[in-house]
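Step one of this worksheet: look at the structure below.
Labels below follow one simple rule: chain letters A, B, ... track the order of the sequence lines, proteins then strands, and each chain is numbered from 1.
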Protein chains: 4
Amino acid sequence: MVATPAGPAAGAADHRKGPRRRGEVLDTAILEATLAELAEVGYARLAMGQIAARAHTSKASLYKRWPNRAELVVAALARQRGEPVPAPDTGSLRGDLLALLRWGAQRLDGLFGEAVRGLMVETLTNPERTASVRANMFTARDKLMSEILERATERGDIPVTALNPHVIGFAPALVDHHFLIYGAPIPDELLRGIVDDLLLPLLTLPADGAHEP
Amino acid sequence: MVATPAGPAAGAADHRKGPRRRGEVLDTAILEATLAELAEVGYARLAMGQIAARAHTSKASLYKRWPNRAELVVAALARQRGEPVPAPDTGSLRGDLLALLRWGAQRLDGLFGEAVRGLMVETLTNPERTASVRANMFTARDKLMSEILERATERGDIPVTALNPHVIGFAPALVDHHFLIYGAPIPDELLRGIVDDLLLPLLTLPADGAHEP
Amino acid sequence: MVATPAGPAAGAADHRKGPRRRGEVLDTAILEATLAELAEVGYARLAMGQIAARAHTSKASLYKRWPNRAELVVAALARQRGEPVPAPDTGSLRGDLLALLRWGAQRLDGLFGEAVRGLMVETLTNPERTASVRANMFTARDKLMSEILERATERGDIPVTALNPHVIGFAPALVDHHFLIYGAPIPDELLRGIVDDLLLPLLTLPADGAHEP
Amino acid sequence: MVATPAGPAAGAADHRKGPRRRGEVLDTAILEATLAELAEVGYARLAMGQIAARAHTSKASLYKRWPNRAELVVAALARQRGEPVPAPDTGSLRGDLLALLRWGAQRLDGLFGEAVRGLMVETLTNPERTASVRANMFTARDKLMSEILERATERGDIPVTALNPHVIGFAPALVDHHFLIYGAPIPDELLRGIVDDLLLPLLTLPADGAHEP
DNA sequence: CCTTAATCGAGACGGTACGTCGTGTCTTTAT
DNA sequence: ATAAAGACACGACGTACCGTCTCGATTAAGG
């Protein structure tokens with residue numbers, strides 16, 4: 001029920017009759033309502049009043065917890081992806097990479113993607129925090145990528161020299177970029193192209209690293 | 001107006017000196033005002049009324065030409081980058097690539113970047129058009145990249161086999177991605193990293209291309 | 001607001017001293033502002049935005065209470081004439097009648113007249129209500145007329161047979177009609193003419209009443 | 001075709017193919033279109049642009065001839081009632097009076113009434129002209145009333161002393177007043193009441209005229 | 001157990017921008 | 001020169017959402 005993508009009253013347990021909610025319980029209800037609204041109308045048409053109504057609470061209760069829409073959405077996303085995803089382990093490097101990109105692509109094709117798109121324009125309390133929040137949306141993915149590559153080096157599939165920060169982060173970034181421009185869903189062909197034409201060649205190239213003339 | 005549903009307006013006399021502007025002239029005035037406002041308040045606070053005021057015209061004249069803010073901004077950008085930029089020609093491939101990325105990075109650090117950020121969230125008349133508009137914002141850059149690489153192949157700096165669509169587009173995409181997350185200005189170090197750690201290795205690697213098991 | 005269809009507003013701080021007005025207090029402020037604007041610019045140039053500004057509130061607060069300008073004006077008038085005016089009692093019938101017509105004429109020479117004129121063209125929610133509202137603007141006057149005439153019959157100044165609905169209502173109607181055509185102020189000569197040439201003759205004529213052949 | 005109360009293109013002869021209209025011909029087309037629009041949408045929703053469109057001409061041609069909507073409507077009405085109506089002559093005074101009031105009442109139940117209502121609020125170029133225009137709308141009726149009453153005095157039905165300006169004008173004024181408040185159609189009962197309870201008694205009362213104490 | 005302070009639910013409030021419509025003026029083109 | 005067509009500048013319309021505030025009802029904690 002965390003983020004049922006449909007249903008007009010999804011994500012809101014009926015609270016009437018019961019005692020008035022507060023604290024943690026209310027927090028959860030609000031965040032669930034946020035995700036539900038996000039899935040239903042998208043970030044652009046996300047309205048605080050609607051979220052409050054869906055959560056059967058008031059706008060004041062929202063603003064007491066989060067200063068604005070952007071922060072609320074950030075919190076809602078943080079709540080959602082609570083369970084840590086294990087790094088894919090298909091046996092082959094290529095399989096792992098593809099699995100990871102596919103997982104990321106699929107995540108974008110949903111309310112996470114909606115939120116990502118919206119948060120790309122909003123400015124949080126300050127620029128640093130804004131950048132931090134945006135970056136955090138992808139740290140999980142970057143970490144998994146690191147795991148995969150480390151495992152590959154241990155297996156001897158790729159040289160240790162191939163590992164550098166740019167190589168780790170660039171593939172997911174390309175997926176994001178495609179999503180932001182062309183939207184979801186992301187064609188699997190693109191993912192295969194990134195892996196086969198860019199990532200694997202880069203990872204397996206002979207270690208010289210001297211391109212500076 | 002007593003009986004009219006809309007205001008009487010009482011036809012205010014035109015106060016400006018010259019003749020009333022029309023057509024192309026007015027178009028230009030509006031688009032310039034749009035760019036000026038964009039640079040001043042950013043996409044988020046861009047308001048049709050303010051643009052109209054700055055252009056000394058009316059909202060109606062804006063809406064007669066463009067159906068909404070997003071389309072207006074798109075048109076303004078299209079007008080702005082009228083002059084085709086020549087591909088950099090520094091003599092070396094690396095120099096050309098760096099020059100190109102730096103040009104793109106600098107463009108993002110201004111009202112073009114503001115607009116890019118905004119247009120990433122807006123939905124134009126339909127999804128296809130939306131994607132098309134977004135893609136068009138980068139076609140110039142991609143074309144220049146093609147020129148540079150072609151020249152390099154002619155010089156024999158890189159094998160023809162290195163050229164494929166993914167290789168052409170991915171470097172600018174990484175710059176954009178960084179901009180969207182961390183904002184402008186984009187550190188030159190990042191650009192150098194992209195060129196030295198990703199682009200040049202990929203372009204100069206031995207031709208095998210067979211990674212599919 | 002980047003992604004929101006409506007403005008960001010950025011929640012301007014309340015600048016006034018006292019606590020935020022609500023309910024009855026705000027109602028009164030709005031209605032008073034309405035009357036003030038009415039007196040200043042007339043019904044024709046009466047604008048909701050101006051009224052809101054004068055009342056230091058927002059258009060939304062106006063529209064939450066009244067669906068349109070006409071209803072707002074009706075409400076403002078209703079509020080204004082709260083104090084019931086006592087029927088004139090000069091001792092003589094002629095004196096009473098003149099006093100009443102003069103009171104009505106004077107009322108028209110002000111914002112009440114402005115409103116009357118405007119409301120003659122507007123259509124309220126439905127025709128019945130429209131007629132009712134218009135009629136109500138004059139019920140007070142008609143009632144006073146009834147009182148005067150009743151008192152005169154009690155004194156024996158006029159026969160009971162003289163009293164019929166047409167006789168009661170027609171004098172004020174003539175005043176209104178003159179106002180609508182020639183505007184205010186209404187010449188006292190007209191009022192005297194109505195009383196001496198029409199009303200008194202009618203009221204004091206010998207009781208036959210048989211004009212139907 | 002002068003004022004067909006229905007039909008989307010009523011009142012506009014097809015002019016295309018033929019030579020471009022000007023002068024009198026165009027005047028007529030515009031005035032007919034005005035009346036047609038008036039009948040169709042009423043004074044409140046009367047729009048210059050719509051009139052121009054219906055007359056297959058331009059707003060400029062309208063404003064070249066009349067300075068605003070009100071004057072245009074006045075002109076249109078003047079054109080319409082071109083043919084002078086003969087005073088009713090039923091043989092009896094009561095019959096004549098009733099016929100006259102009925103004619104006036106019927107006239108109000110149509111586009112003339114719509115226009116009357118609208119013109120009650122508009123201010124023409126200056127107050128004098130405004131009053132004059134409004135008064136002129138009823139001069140025809142007043143003149144007929146004079147004729148009727150004169151004929152009655154000649155017949156000896158009523159004393160000459162009964163004739164005074166107030167008596168002449170007040171009956172039609174009551175009809176107008178009722179129309180403005182309760183709208184059209186005007187119940188025949190009202191007209192009979194005015195004649196029997198007010199007009200005839202006043203006209204036939206014994207000549208004393210001294211009510212001033 | 002009964003006060004007392006806090007918080008909740010509900011929604012009013014002041015404000016800003018929206019996109020539309022009508023007015024009366026002006027410009028252009030075709031007749 | 002004038003008609004037809006319609007663009008233009010202006011301003012009011014009525015709506016939507018924001019973020020703040022007020023109010024009464026409910027609830028947890030303190031005496």
Side-chain angles (χ1 to χ4, degrees), chain A residues 15-16 19-23 26 45-50 52-53 55-64 67-69, chain B residues 1 4-16 19-23 26 45-50 52 55-65 67-69, chain C residues 1 4-16 19-23 26 45-50 52-53 55-65 67-69, chain D residues 15 19-23 26 45-50 52-53 55-64 67-69:
Chain A
H15 64 94
R16 280 153 302 198
R20 184 179 275 181
R21 301 160 302 167
R22 42 199 305 159
L26 187 51
R45 307 211 165 274
L46 198 65
M48 297 301 262
Q50 291 301 312
H56 298 291
T57 182
S58 65
K59 285 199 292 173
S61 296
L62 269 62
Y63 282 104
K64 177 158 294 184
N68 50 51
R69 187 173 58 151
Chain B
M1 166 259 219
T4 359
D14 198 347
H15 50 83
R16 288 184 321 287
R20 187 182 275 179
R21 299 161 302 168
R22 299 165 50 98
L26 187 52
R45 304 212 167 275
L46 199 64
M48 297 301 263
Q50 291 301 313
H56 298 292
T57 182
S58 63
K59 281 198 294 173
S61 294
L62 269 61
Y63 282 105
K64 177 158 294 186
R65 289 166 168 71
N68 50 52
R69 189 173 54 150
Chain C
M1 165 259 217
T4 359
D14 199 346
H15 50 85
R16 287 183 324 287
R20 188 183 275 181
R21 299 163 302 170
R22 299 165 48 99
L26 188 51
R45 305 211 167 276
L46 199 63
M48 298 300 263
Q50 290 301 312
H56 298 293
T57 181
S58 64
K59 281 197 294 173
S61 295
L62 269 62
Y63 282 106
K64 178 159 294 186
R65 290 166 167 75
N68 50 52
R69 189 173 54 152
Chain D
H15 65 93
R20 184 178 277 179
R21 301 160 303 168
R22 42 198 303 161
L26 188 50
R45 306 212 167 273
L46 198 64
M48 297 301 263
Q50 291 299 313
H56 297 292
T57 181
S58 65
K59 285 199 293 174
S61 297
L62 270 61
Y63 282 105
K64 176 158 293 184
N68 51 49
R69 187 173 58 151

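Atom CG in D/L62 sits roughly 13 Å away from atom C1' in F/dA5 (whole-Å rounding). The interatomic distance linking B/R45 (CZ) with E/dT16 (P) rounds to 12 Å, in whole Å. Note: CG (D/L46) to P (E/dG24) measures 11 Å, nearest angstrom. Straight-line distance from the CG atom of B/L26 to the P atom of F/dA7: 12 Å, rounded to whole Å. Atom-to-atom, CE of A/M48 to P of F/dC21 comes out at 16 Å; the value is rounded to the nearest Å.
Here C/R65 pairs with C/D27 under the side chain to side chain donor-acceptor pair (under 3.5 Å) rule; sequence neighbours left out. For B/S61, the side chain to side chain donor-acceptor pair (under 3.5 Å) partners are B/T57, B/S58, not counting sequence neighbours.
Within the structure, every side-chain polar atom (N or O) of A/T57 is placed at least 4.0 Å from both OP1 and OP2 of E/dC8. Contact between the side-chain N/O atoms of C/R65 and the OP1/OP2 oxygens of E/dC13 is found at a separation under 4.0 Å. Between B/R21 and F/dA7 there is no side-chain polar atom (N or O) within less than 4.0 angstrom of OP1 or OP2. Between A/S61 and E/dT7 there is no side-chain N or O to OP1 or OP2 distance below 4.0 Å. Not one side-chain nitrogen or oxygen of B/K59 sits closer than 4.0 Å to the OP1 or OP2 atom of E/dT20. OP1 and OP2 of E/dT7 both lie 4.0 Å or more from every side-chain N or O belonging to A/K64.
Contact of C/R20 with F/dT20 (side chain to base): a donor-acceptor pair of N or O atoms is detected under 3.5 Å.
With values rounded to the nearest 0.5 angstrom, C/R20 atom CZ is found 10.5 Å from C/L26 atom CG. How far NZ of C/K59 is from CD of C/Q50: 10.5 Å, rounded to the nearest 0.5 Å.
Among the nucleotides F/dA9, F/dT22, F/dA4, the one closest to any side-chain atom of D/S58 is F/dA4. Minimum atom distance to the side chain of A/Y63 is reached by F/dG19, of the listed F/dA3, E/dG24, F/dG19.
Mapped onto DNA chain F by nearest heavy atom, D/A52 and A/A47 fall at different nucleotides, with D/A52 at the one closer to the 5' end. Residues A/A60 and C/P67 both approach DNA chain F. Their nearest nucleotides, taken by heavy-atom distance, put C/P67 toward the 5′ side. Each of B/Q50 and C/G23 was assigned the nucleotide of DNA chain E with the nearest heavy atom; the assignment lying further toward the 5' end belongs to C/G23.
What you find for B/A55 and B/R21 is that their closest heavy atoms are O-NH2, 2.9 Å.
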